[in-house]
Undergrad: 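This is the structure, below, for whatever I ask next.
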Amino acid sequence: MPEIRFKQTILECIMATEQDKLLEEVTNREYQYGFHTDIEMDMLPKGLDEEVIKEISRRKKEPEFMLEFRLEAYRNWLKMESPDWAHLKIPPIDFQDMIYYAAPKKKPQLESMDEVDPELRATFDKLGIPLDEQKVLAGVAVDAIIDSVSVKTTFRETLAEKGIIFCSISEAIQEYPDLVKKHLGSVVPPGDNFFAALNSAVFSDGSFVFIPKGVRCPMELSSYFRINAMNTGQFERTLIVAEDDSYVSYLEGCTAPMRDENQLHAAVVEIVALDRAEVKYSTVQNWYPGDKNGKGGIFNFVTKRGICKGDYSKISWTQVETGSAITWKYPSCVLMGDHTVGEFYSVALTNNYQQADTGTKMIHLGKNTRSLIVSKGISAGFSQNSYRGLVKVSKRAENARNFSQCDSLLLGDKCGAHTFPYLEINNNSAKVEHEATTSKIGEDQIFYCNQRGIDTENAVGLIVNGYVKEVINQLPMEFAVEAQKLLQISLEGSVG
Amino acid sequence: MLKIKDLHAKIDGKEILRGINLEVKAGEIHAIMGPNGSGKSTLAAVLTGNEAFEVNEGEVEFNGEDLLDMAPEDRAREGLFLSFQYPVEIPGVSMTNFMRTALNEQKKHKGEEPLSASDFLKLMRDRKKLVDIDSDLTNRSVNEGFSGGEKKKNEIFQMAMLDPKLAILDETDSGLDIDALRIVANGVNKLKRSDNATILITHYQRLLDYIEPDYVHVLYKGRIVKSAGKELARELEEKGYDWIKKEFEE
């Protein structure tokens with residue numbers, strides 16, 4: 001035991017050092033990822049109709065089934081309306097005033113980093129994206145996406161040896177059409193909801209992960225997304241399939257350049273876990289949140305859902321949401337197999353005029369299924385932050401268990417925190433527990449820190465990072481440090 | 001080190017400190033005693049910059065500088081430490097991280113390099129030994145789930161880590177059993193040097209059996225009404241505060 005503790009202490013020291021660095025960086029108050037790269041773009045004109053969809057599919061040289069998939073989704077979408085049940089004020093979005101396809105013109109086939117467009121590399125460097133060889137040591141394989149087309153994929157060979165497929169979804173459609181056809185839309189059907197339907201119709205790229213039977217993915221898979229073109233909606237599509245007895249941990253992180261206009265981001269992530277498979281999906285979301293007056297920022301309307309199809313499988317979502325003007329996102333688990341486990345760990349931070357309506361759905365279908373929900377909301381400024389979660393236990397789901405912990409932390413008195421838990425229990429053997437707290441950072445806590453020489457801004461950062469620790473601990477190390485930084489930067493100027 | 005001149009302070013319009021005069025020199029231990037509600041804790045709060053209180057008159061000099069002009073965190077970085085009467089809990093923040101952040105802020109203020117992780121851990125081990133604190137406390141979140149005694153011990157540990165020039169111990173003895181009291185007192189005694197000073201705020205004489213003060217002051221209704229050597233504490237223990245009250249009212 002003492003040894004383990006000692007290691008923890010060292011880890012904390014490393015984190016503390018990172019925090020120190022952060023404090024110096026923090027002097028730069030504006031959104032630090034606010035820049036964009038000048039790379040020649042190949043794009044379709046604004047607007048959306050069946051011709052645009054056919055053109056997207058044609059340019060991407062997709063097989064017939066994909067075009068049908070897209071068109072079906074589009075026809076569904078036409079009949080649907082933008083959801084209005086969330087605790088959000090969404091300005092009207094003109095879907096005909098958007099560009100649905102943009103790709104960097106030079107699509108290089110690359111052997112080494114030297115061949116990457118220098119300007120693109122500079123962008124990656126500014127973002128600190130770990131594309132270089134050193135990162136092999138860190139165990140991170142990166143599939144970097146700028147705008148819609150995947151530019152470079154690393155560590156493919158290492159993964160290929162184990163039969164793991166990690167590539168862009170476009171590539172997967174070309175190379176593994178059977179796998180894609182079998183699973184795409186199997187968790188989030190083309191007509192699932194307004195934004196998922198739109199995504200299904202027009203998505204241009206994203207990631208595909210396939211872990212074969214019995215394989216434990218030897219590294220954390222990560223994919224960095226970045227909106228980069230003016231007025232271009234971003235519609236990523238991610239599909240993760242974990243076969244029997246496999247394991248994978250997937251990381252997703254986002255940053256976006258500063259913009260005046262609102263940008264729509266409607267991604268779909270699907271996860272399929274077969275017998276005894278385990279999938280861990282972690283997100284640090286830092287899209288441009290708009291300025292201090294609520295001008296600009298990304299609209300983040302995301303559908304994430306995983307299905308524990310096989311018995312004893314497990315899907316775990318961890319998200320740290322600090323960005324976007326509006327977040328609408330409910331990573332969910334369908335616990336279909338017996339003895340399956342679904343987890344949702346979330347930190348959602350809103351500041352200034354940001355709005356977030358986020359939570360999860362745990363759908364218990366199989367016997368002896370378990371779910372855990374840990375949600376930590378932080379509201380500051382004039383922001384609105386809602387937790388919305390559904391726990392559903394079907395008739396056949398004997399002995400279902402759920403525990404939900406939903407905490408809200410308020411900074412200041414002009415922001416809002418809301419909790420909307422929904423329970424639908426159709427089996428008497430279910431055990432469902434829900435705990436919720438709302439608190440404010442105490443002046444006495446801040447003064448205590450002040451008295452030890454820690455100023456108020458850092459005290460708030462420290463207290464907030466303590467509050468979210470349970471969630472941050474779920475993240476892989478390198479993401480945990482980044483997430484702590486983000487939280488502190490995002491709370492800049494919110495106190496005092 | 002510390003010079004308080006005619007200090008007045010109020011909270012919610014009510015004047016609690018009504019003209020405090022006190023001088024503390026390096027190497028000295030001062031005990032401030034007095035009945036409940038006399039303003040002892042207010043004095044500690046005002047000196048450390050708690051914004052709940054408003055200073056409406058007087059001045060305080062700390063190492064030649066205007067203390068009242070400094071932000072609370074700067075007072076701390078300049079070497080003023082308060083052992084809180086009621087230390088707050090900060091859930092999820094480990095003592096290690098908390099202390100490292102505090103110590104590095106102090107170093108930065110002095111223009112020194114932050115401690116490396118290994119030096120910091122070494123210092124922690126060393127200070128823990130010095131004040132005889134269970135290793136376990138520093139592996140937990142700041143004061144979270146600590147017993148009353150553990151909280152007080154933890155205050156003394158933090159004092160040892162930050163090595164203040166002037167430490168104010170606000171009712172550190174209250175709620176301590178005899179063993180904890182001994183540990184706390186030993187810690188304070190071991191940290192005593194010729195270049196630092198301590199103010200002990202206490203209601204009872206008990207702590208003064210273990211820490212020997214150079215001066216004892218009696219605070220009553222916001223003023224220091226009596227100052228003497230350590231024998232005054234024993235007199236108060238025997239006679240209570242009534243005779244002071246009586247003497248003062250007359």
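Proteins come first, then strands; the chains are lettered A, B, ... in the order of their sequence lines, and each starts at number 1.
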Undergrad: Looking at B:Glu112, I'd like to know if its CD atom is crowded, meaning that more than 12 non-hydrogen atoms belonging to other residues, nucleotides or ligands lie closer than 6.0 Å.
TA: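 Count over threshold, so yes.
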Undergrad: State, yes or no, whether a side-chain contact exists between A:Leu462 and B:Thr101 at a heavy-atom distance under 4.5 Å.
TA: yes
Undergrad: In terms of heavy-atom proximity below 4.5 Å to chain A, should B:Pro164 be classed as side chain, backbone, both, or neither?
TA: neither
Undergrad: In this structure, are over 12 heavy atoms from other groups packed under 6.0 Å from B:Arg77 atom CZ?
TA: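 Yes.
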Undergrad: Looking at B:Leu80 and A:Gln451, what are the two nearest heavy atoms and their distance?
TA: O-NE2, 3.0 Å
Undergrad: Counting neighbours of NZ on B:Lys128 that are heavy atoms of other residues, nucleotides or ligands and sit closer than 6.0 Å, is the number greater than 12?
TA: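 Yes, enclosed.
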Undergrad: Rounded to the nearest 0.5 Å, how far apart are CE of B:Met99 and CD1 of A:Ile454?
TA: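 Atom-to-atom, B:Met99:CE and A:Ile454:CD1 are 7.0 Å apart.
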Undergrad: Identify which part of B:Leu162 has an atom lying under 4.5 Å from any heavy atom of chain A, answering side chain, backbone, both or neither.
TA: side chain
Undergrad: In terms of heavy-atom proximity below 4.5 Å to chain B, should A:Tyr467 be classed as side chain, backbone, both, or neither?
TA: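 Contact with chain B involves the backbone of A:Tyr467 alone.
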Undergrad: In the structure I gave you, are the side-chain heavy atoms of A:Glu470 and B:Pro91 within less than 4.5 Å of one another anywhere?
TA: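 A:Glu470 vs B:Pro91: side chains apart.
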Undergrad: More than 12 non-hydrogen atoms from neighbouring residues, nucleotides or ligands closer than 6.0 Å to NZ on B:Lys122, yes or no?
TA: no
Undergrad: With chain A as the partner chain, list the residues of residues 141-158 of chain B whose heavy atoms fall under 4.5 Å from it, by residue number, and write 'none' if nothing qualifies.
TA: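 Interface residues of residues 141-158 of chain B: B:Val142, B:Asn143, B:Glu155, B:Gln158.
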Undergrad: What's the shortest heavy-atom distance between A:Arg452 and B:Ala76, and which atoms?
TA: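 Answer, listing the atom of A:Arg452 first, then B:Ala76: C-CB, 3.9 Å.
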Undergrad: Do B:Tyr86 and A:Tyr448 pass the side-chain contact (heavy atoms from CB on, under 4.5 Å) test, and can you show the C-alpha distance, the side-chain angles, and the key distance before you say yes or no?
TA: CA-CA 10 Å; B:Tyr86 304 107; A:Tyr448 191 79; over 6 Å; no
Undergrad: Can you confirm whether B:Ser94 sits close enough to A:Lys469 that some side-chain heavy atom of one is under 4.5 Å from a side-chain heavy atom of the other?
TA: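 Of all side-chain heavy-atom pairs linking A:Lys469 with B:Ser94, at least one is under 4.5 Å.
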Undergrad: Do any of residues 43-75 of chain B have a heavy atom less than 4.5 Å from a heavy atom of chain A, and if so, which, in residue order?
TA: B:Thr48, B:Gly49, B:Asn50, B:Pro72, B:Glu73
